[in-house]
Amino acid sequence: EKLADIYLQKGDVEKALKHYQEGLELAEDIQNRRPDSIEAKRDLSVSHYKLSTVHEFNKEFDKALEQLLKARAWVLEFRGCGYGDFDYIIGIFENKIEEMRL
């Protein structure tokens with residue numbers, strides 16, 4: 001995902017999208033192998049969020065919203081685990097979701 005971040009900053013959206021998708025596939029694989037892992041759930045949330053930013057950049061708001069909803073769902077999975085305070089992140093997701101639905 002760091003490589004994808006760099007491509008996105010350089011404006012190469014296609015390569016960024018490709019690397020974010022690869023990051024999501026890796027996160028899904030880890031989640032499947034370790035379904036109780038808080039870190040895997042966090043990584044899935046981040047992967048979906050990053051994909052939402054690319055789709056938003058491309059003005060593909062339906063796809064961006066879909067990814068953002070998935071990111072929020074994963075945060076909700078580990079929200080109360082004592083890993084940290086995620087109410088702020090949930091709030092950000094809720095605001096972005098509301099904006100995209102308008």
Could you give the distance from [atom1] ([X]) to [atom2] ([Y]), rounded to the nearest 0.5 Å?
X: L44; Y: L26; atom1: CG; atom2: CG; answer: 10.5 Å
X: N58; Y: L17; atom1: CG; atom2: CG; answer: 7.5 Å
X: Y20; Y: L24; atom1: OH; atom2: CG; answer: 12.5 Å

Please give me the minimum heavy-atom distance between [X] and [Y], naming the atom from each residue.
X: I30; Y: A40; value: CG2-CB, 3.8 Å
X: S45; Y: A71; value: OG-O, 3.0 Å
X: W74; Y: H48; value: CD1-CD2, 3.8 Å
X: Q31; Y: S37; value: OE1-O, 4.1 Å

Worksheet item: Is the H19-Y7 ring centre distance short of 6.0 angstrom?
Response: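 Judged by ring-centre distance (under 6.0 Å), H19 and Y7 do meet the cut-off.
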Worksheet item: When you look at L65 and R101, which way does the side chain to side chain contact (heavy atoms under 4.5 Å, CB included) test go after all the steps?
Response: CA-CA 8 Å; L65 178 59; R101 287 184 171 158; 3.9 Å; yes
Worksheet item: Transitively linked via ILVMFWY side-chain contacts under 4.5 Å: L68 with L76?
Response: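 Yes, L68 and L76 fall within the same hydrophobic cluster.
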Worksheet item: Do E56 and K96 sit within salt-bridge range, that is, some charged N less than 4.0 Å from a carboxylate O?
Response: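 Yes, charged N to carboxylate O under 4.0 Å.
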Discussion item. Check E22 with K18, please: is the shortest side-chain N to carboxylate O separation under 4.0 Å?
Written reply: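 Yes, K18 and E22 are salt-bridged.
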Discussion item. With a 6.0 Å cut-off (strictly less than), is the heavy-atom count around CG of N32, excluding the residue itself, greater than 12?
Written reply: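 Enclosed.
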